[in-house]
Amino acid sequence: MARTRSAVGRIRTIALPAVAAAGLLTASLAGAFSAPAVAETMPVTDACEGAEGVTVVVDFTDLGGEIETGCAEGDPANGREALEAAGFTPADSQPGMICTINSLPDPCPEEFDGNYWSYWNAESGGEWTSYQVGADESDPAPGTFEGWRYFDGSEAPGATPEELADQTATEENGEGSAATDDAPEEGANDDDGAGPLVPILIGVAAVVLIGAIVLVLRRRAKG
């Protein structure tokens, strides 16, 4: 009886670590065979391509929004026309003074509090420069950038013309976008076929291995 108990003890001593090891092996291999997550890439800007129009950038970040861009195609007569042609809706507090863009800020301040829609321009790939005239007097040229930001006038829009121009060039080439679009589909197909199958096979192999170990030790105990 002592010998039998001793044998059973050996079985437990060997089998339990084997079970734990098999579990760790299954988890490790399952993670190794899992397809890596592919980050989804979204367009950063709707900037004009080349000199087809004027790119308008409106920075809503100080109002709880985001940086939005649009393309005013052709040669807008002035900054207000470019702003509207790019898909934005300005409203004046008084003639010639833009108070809100796309209804922000809401409501339009009745008294000046130090913040306003500052107006900027830049060449393609250049730096923002504050306009010295209002949007009704400016004359933006095709291929340039118009910028708006609701702040105290000390900060230009958060997206630089260089960043917007680089993004537009990448989109024109189309190579980066196509590769990004294809990658998730291929990864998804591979993961659908192999992902669930590999852990199952590993688990079955572990169970068979543990069963064989226990069977051998029981035979030795009886002997």
- prompt: If you measure from OG1 on T89 to CD1 on I101, what distance do you get to the nearest 0.5 Å?
  reply: 9.5 Å

message: What I'd like to find out is whether the side chain of E137 reaches to under 4.5 Å of the side chain of Y131, using heavy atoms alone.
response: no

field: Check: N102 and V58 side chains under 4.5 Å, non-hydrogen atoms
entry: no

query: Who passes side-chain hydrogen bond (donor to acceptor under 3.5 Å, both in side chains) against Y119, sequence neighbours left out?
result: S138, E146

query: Judged by atom type as modelled, is there a donor-acceptor pair below 3.5 Å linking the side chain of N78 to the main-chain atoms of D139?
result: no

field: Note, N121 side chain near W128 side chain (heavy atom, < 4.5 Å)
entry: no

message: Any heavy-atom pair between the side chains of W148 and V56 that's under 4.5 Å?
response: yes

task: Quick one: closest heavy-atom pair of P142 and G74, and the distance?
output: CG-O, 3.6 Å

- line: Closest non-hydrogen atoms of A135 and I98, given as atom of the first, atom of the second and distance, are CB-CD1, 4.3 Å

message: When you measure from the side chain of E111 to the backbone of P109, do you find a donor-acceptor pair of N or O atoms at a distance under 3.5 Å?
response: no

- request: Give the intermediate values and the outcome of side-chain contact (heavy atoms from CB on, under 4.5 Å) for residues T61 and R149.
  value: CA-CA 8 Å; T61 55; R149 181 170 183 174; 4.2 Å; yes

- request: Check whether any side-chain heavy atom of S124 sits under 4.5 Å from a side-chain heavy atom of F145, and report yes or no.
  value: yes

- prompt: Taking only residues two or more places apart in sequence or in another chain, which ones pass side-chain contact (heavy atoms from CB on, under 4.5 Å) with E84?
  reply: R80, P90

query: Is any side-chain heavy atom of V57 closer than 4.5 Å to a side-chain heavy atom of I67?
result: yes

query: Between W117 and F60, does the ring centroid distance fall short of 6.0 Å?
result: yes

message: Can you confirm whether V54 sits close enough to C71 that some side-chain heavy atom of one is under 4.5 Å from a side-chain heavy atom of the other?
response: no

- request: Let me see the working for Y116 and M97 under side-chain contact (heavy atoms from CB on, under 4.5 Å), right down to the final yes or no.
  value: CA-CA 10 Å; Y116 62 98; M97 296 292 294; over 6 Å; no

query: Is the backbone of C48 close enough, under 3.5 Å, to the side chain of T55 for a donor and an acceptor to pair up by distance?
result: yes

message: Nearest 0.5 angstrom please: D62 CG to L104 CG, how far?
response: 11.5 Å

message: Would you say S118 and W120 are linked by a side-chain donor-acceptor pair, where the criterion is simply a distance under 3.5 Å?
response: yes

- prompt: Is atom CD of E127 surrounded by more than 12 heavy atoms (other residues, nucleotides or ligands) closer than 6.0 Å?
  reply: no

task: Without swapping roles, check the side chain of E81 against the backbone of A77 for a donor-acceptor pair under 3.5 Å.
output: yes

- prompt: Can you tell me how far the CG atom of D59 sits from the OH atom of Y150, to the nearest 0.5 Å?
  reply: 13.5 Å

- prompt: Which atom pair, heavy atoms only, marks the closest approach of A47 to T69?
  reply: N-OG1, 4.2 Å

